[in-house]
Visitor: 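After the C-alpha cells below, expect a handful of questions from me.
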Amino acid sequence: MNDELSYYLSRSLKGAMSRRHFFGRAAALGLTAAAANTLMATSLRAQTPQKGGTLKIGMQGGGSTDSLDPALAANQVTFQLLRMFGEPLVESDPSGTGLQMRLAEAVDSSPDAKVWTFRIRRGVTFHDGSPMTPDDVLATLRRHSDESSQSGALGIMTGISDMVVDGDNVVITLEVANADLPYLLADYHLLIQPKGGVEAPAAGVGTGAYKVVNFEPGVRAVFEKYAGYWDDSLGHFDSVEILVINDNTARTSALQSGQVHLINRVDPKIAGLMARAPNLTVTDVAGRGHYVFIMHCNTAPFDNNDLRMALKLAVDRQDMVDKVLMGYGTVGNDFPINAAYPFFDDSIPQRVFDPEEAAHYYKKSGHDGSPIVMSCSDVAFAGAMDAAALFQQSAQAAGIPLEIRREPGDGYWSDVWNVKPFSASYWGGRPVQDQMYSTAYLSSADWNDTRFNNPEFDALLTQAKGELDETKRREMYSRMAYLVRDEGGLILPMFNNFISANSNDLQGWINDPTQDLMNGYAPHKCWFA
Amino acid sequence: MNAGSLLGLVAQRIALGLVLLLAASALIFAGTQILPGDVAQSILGQSATPQALANLRAELGLDQPALARYLSWLAGALQGDLGSALSNGQDIATAMSHRLGNTLFLAGTAAIIAVPLALILGLVSVRYQGRWPDKVISGVTLATVSVPEFMLGYIAMFLLAVQFQVFPSVSTIHDGMSLLEKLRSIALPAMVMVLVVLGHMMRMTRAAILNVMQSAYIETAELKGLRRFTIISRHALPNAIAPIVNVVMLNLAYLVVGVVVVEVVFVYPGMGQYLVDHVSKRDVPVVQACGLVFAAVYIGMNMIADIVALLANPRLRHPK
C-alpha cells in the first residue's frame, strides 16, 4: 500500500474522512472498488485489539536517579514505570469526569462523606504469586500517609483519622468530609504493593499487567506481560520496553528511524512537521496542565490588587498560545481549572488582552514606575523565556515596565519558584478541583505559591469538600474561580496539550486528559495492527 | 643513566599523581558543597512538602558538618566504597562500574579507530607536505574539529539513521546484546568521537614529525639516498613519539571524560549521562564519585604520557 493511500485510510478510519471520499481517492490512485473494500475491511479488523509484539516507547523525563519506589516517583518516566507494574484502587476515567474501578470493586460513602468503604477485588495476585488482600491495601495506604513518609502522596493523605480492614473492605474515616476522596486515591503514587511495600519499596512488585524484567535507571526498563493478570481487557503486548531519551532531537529521530513506536512530549515547534510524515501520527490532547506566572500576594509590589489586575490584563494569551505552544494548547483565564474538570463553570468571561484597561489599573495602583522584575527560566516550562519576552512586549504596550530576569535552570525549583515574588512555573493539574485548590490556593497549603490568603475562599473550599448536592457544589466552585481569577496572584495564560507521536502500526489510541500517554495506559490499551 | 634512577623518576611521577588526586578530591568535595539548591528539594522536585523535605534531609545525613563528611567519604573511597546514591539508594560503585564499562567500551572503540588513523594520516600529510593530499587531510580534520559535537551528532543521525537507516539513532546497549550488536549500536557516537579527536592528533603527529625532519640526522639519511617514506617512518617517527603520545593521551582522556554531549545526544548509558542526571538532582555522593573517577583518568593518562616521554627521550637514556 502506498503512503498516500495509507494516509487516507487512517483518516477514514478515524472518521476524519468519509468512506465515500476514501473510495474516491482509492479509485483515483488506481485501486478497484473491490480492492479498496478489502483494504478497508482488513484495516477495520485491525481496529479490534490484537495480542503480541514488543512495544518500544521513547520517553522524556527520566534520569539515572530514578527509582521504582512508588513514594519517590516525581517525573514522567517514573510515573510510567509505576503504571506498568502496579495499580491503584481506582482510576480516573479517560473522559476526565468519572471513576473506573481497579483494585477496588466498589466504593461507598456515608451520607456525610466522612466514612468511605472500598470493597477490595478478590482473586488478584501480585507478581510474586501471593494474593492481594485488604491488608496489603491498608499497609500501602498507611505507608503513604505516615507522617515520616517521603511519599509524594503525603499531602493528599492528610486528614485521615482512621483506616481499618473489615472483611473484604477497607474503611477510611476522615476528619473533615471530602466528597472527592476516591479521586484522591487514584493518585499514581498509591499503587498497592505486597505488605505495603514497607520492606522492599523499590522491588517493583505490583499487581499490574506487566512485570518488571529489567530496570536500568535513566536508560531503559523492560517489562513482560504478567500471565496471572486479572483483567483480560488490558495489556495486549507480550513485552514493553521503555527507553529514556531526554534529548528532543534524539527522541524524534528514534521514532522516525523506527527504533521506537511511541514517543511523548513532542516539541510543539516540530509537531506540525512530524504530522506530515505519512507513517506517523501526532496526537495532542487538551489536558489539565498549565503554564503560569506567579505573583506573591503578600509581597510588595504584588500586594496591590490593582497592580496584579494590570499585569493580568497585560498578557496577550492568544499570542502566547500561538507562538509558544504553536497552537497546541488553549488560553487560560487566571484560575487553574478548565473544561477537563467536573464542575467547571464555562460561563465565566474569558479575560483578554486589554492594554487600555491594563494601563488604567496600573495608574490606579500608584506604582512608582520602577521596573517590575519577573524571574524566569526555560526550566519553568518549555518556551518560558519566549513567553516572558512576549509578556514583556505586551506589557510595554500598556505602559507597564516589566523586566525579565533569566535565572539558572539548575536549582530553579529550590531557589526561585516559591521563593522569588514573581516567577514562571507550571502545574500538572489534578484529578478534581478540590485537590488542585487544596494543593496550591488554600491559605495553609504547603505549595501556596501565590501566597493567596482569602478567608472566603478557604471557607468555601472546606464547605465544598463535604457538599454532596451537585448544584450547590457547582456554585461554590464557580465563586472560588472568580475569587482566584480576580483577586489571586495567578496569571494563567495557557493550558498546554499533551503532544505525543506514534508509528501508524500502533492502534487503539484514546485521548485522556489526565496525564501524558493516555494517562500512562497506552501500553495497556494499545496494540499492533 | 641507569635503570635504577629511571625507575626512581617514574616512582616520583606516580607519587606526584597521587598527591594531585588527593588535591582533586578536596576540590571536588568543596565544589559540590557550594552547588546551589539541596538534594532533598531536588529529589522531591516541585512536589516537595516541608514535612517530606525535613524527613528526607534527616535520613540523608545532610545535617552533619562538611569536614566530617569529607573525611568519611575519603576513607570510604580508599576502600572502594563510594556509598550509595541519595536519590534512589543504588550502590554507587556497582552502578558506576557498569557505566564506566560502557564509557570505556565506547572510548576504546573510538580510540582503536582514531589513533592509528591519526598516525597514518599524519605520516601521509608529511609525505605529501604542501601537496593536495596534505591539504585535503588538514582541511577535513580542521572542519570536523571546529564543528561542535552535538552538530556532528545530529548530522550523522539525520543522514545515517533517519534518511538511510544504516545505524540506529539511539545507542542504548545492554548486557543481552552480542558484541556485534553493541558495535552496530555505538557506530554513530564512535564515529562522531573519532571525528572530534582525529584532527588534533593528526595535526600534532604532522607537526612533531616535521619538527624532527629539520634535524641533521634526517639530512644524513636523505644524503644516504633513502626513500622519503622510509626516512619518515623509520627515522623521524620514533623520535617524535614523546609529543605524539602526549597529545594522544590527552585525547584518550577526553574520550572518557569529555563525551557528555555525545552520550546525551545518542542516549548512551555512560558516565557522562550518569553524571549529568545526578548533578541536576544534587546527588552529591555520585557527583563526587564521578569527579574522582574523571580526575583519576585524567591524571593517570597524563602520568602515562610523562612516563612514556621519559622512556622515549634519547637524552634521558644517553645523558651527555
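Every chain is numbered from 1, with letters handed out A, B, ... down the list of sequences.
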Visitor: Roughly how far, to the nearest 0.5 Å, is the OG atom of A:Ser257 from the CZ atom of B:Phe167?
Guide: 13.0 Å
Visitor: Roughly how far, to the nearest 0.5 Å, is the CG atom of B:Leu160 from the OG atom of A:Ser253?
Guide: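 Rounded to the nearest 0.5 Å, the OG-CG separation comes to 12.0 Å.
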Visitor: Answer yes or no: is there a side-chain heavy-atom contact under 4.5 Å between B:Tyr268 and A:Val219?
Guide: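 B:Tyr268 does not reach A:Val219 side chain to side chain.
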Visitor: Given a strict heavy-atom distance threshold of 4.5 Å, which part of B:Gln273 is in contact with chain A: side chain, backbone, both, or neither?
Guide: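 Answer is both: backbone and side chain atoms of B:Gln273 are under 4.5 Å from chain A.
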Visitor: Using non-hydrogen atoms and a 4.5 Å limit, figure out which bit of A:Val244 sits close to chain B: side chain, backbone, both or neither.
Guide: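 For A:Val244, the backbone is the part near chain B, not the side chain.
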Visitor: For B:Leu78, look at atom CG and say whether over 12 heavy atoms of other residues, nucleotides or ligands are found less than 6.0 Å away.
Guide: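 Result for CG/B:Leu78: enclosed.
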Visitor: Has A:Arg451 got more than 12 heavy atoms of other residues, nucleotides or ligands less than 6.0 Å from its CZ?
Guide: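 It does: A:Arg451 CZ has more than 12 such atoms within range.
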Visitor: Checking the side chain of B:Asp277 only, and the main-chain atoms of A:Ser64 only, is there a donor and an acceptor separated by less than 3.5 Å?
Guide: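 Yes, B:Asp277 side chain to A:Ser64 backbone: donor-acceptor pair under 3.5 Å.
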Visitor: Quick one: CG on B:Asn102 to CD on A:Glu216, what's the gap to the nearest 0.5 Å?
Guide: 7.5 Å
Visitor: Which residue out of A:Asp247, A:Thr65, A:Asn75 racks up the most heavy-atom pairs below 4.5 Å with chain B?
Guide: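 Most heavy-atom pairs under 4.5 Å with chain B: A:Thr65.
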Visitor: Just wondering, do A:Thr249 and B:Val265 contact through their side chains at under 4.5 Å, heavy atoms?
Guide: no
Visitor: Please indicate whether B:Met151 has more than 12 foreign heavy atoms, meaning atoms of other residues, nucleotides or ligands, lying under 6.0 Å from its CE.
Guide: no
Visitor: Taking A:Ala202, A:Ser67, A:Pro217 one by one, which has the highest count of heavy-atom pairs under 4.5 Å against chain B?
Guide: A:Pro217
Visitor: Can you tell which of A:Asp66, A:Asn214, A:Asn248, A:Asp69 has the highest number of heavy-atom pairs within less than 4.5 Å of chain B?
Guide: A:Asp66
Visitor: What are the two closest non-hydrogen atoms of A:Arg220 and B:Thr172, and how far apart are they?
Guide: CD-CG2, 3.7 Å
Visitor: Mind checking the CE-CD spacing from B:Met157 to A:Gln256? Nearest 0.5 Å is all I need.
Guide: 10.5 Å
Visitor: Looking only at heavy atoms and a cut-off of under 4.5 Å, which of B:Gly153, B:Ser169, B:Gly176 has the most pairs with chain A?
Guide: B:Ser169
Visitor: Let's go through B:Val170 and A:Ile245 carefully: what are the C-alpha distance in whole Å and the side-chain angles of both, what is the deciding distance for side chain to side chain contact (heavy atoms under 4.5 Å, CB included) to 0.1 Å, and is it a yes or a no?
Guide: CA-CA 8 Å; B:Val170 172; A:Ile245 311 180; 3.6 Å; yes
Visitor: Let me know if B:Tyr274 has heavy atoms under 4.5 Å from chain A in its side chain, its backbone, both or neither.
Guide: both
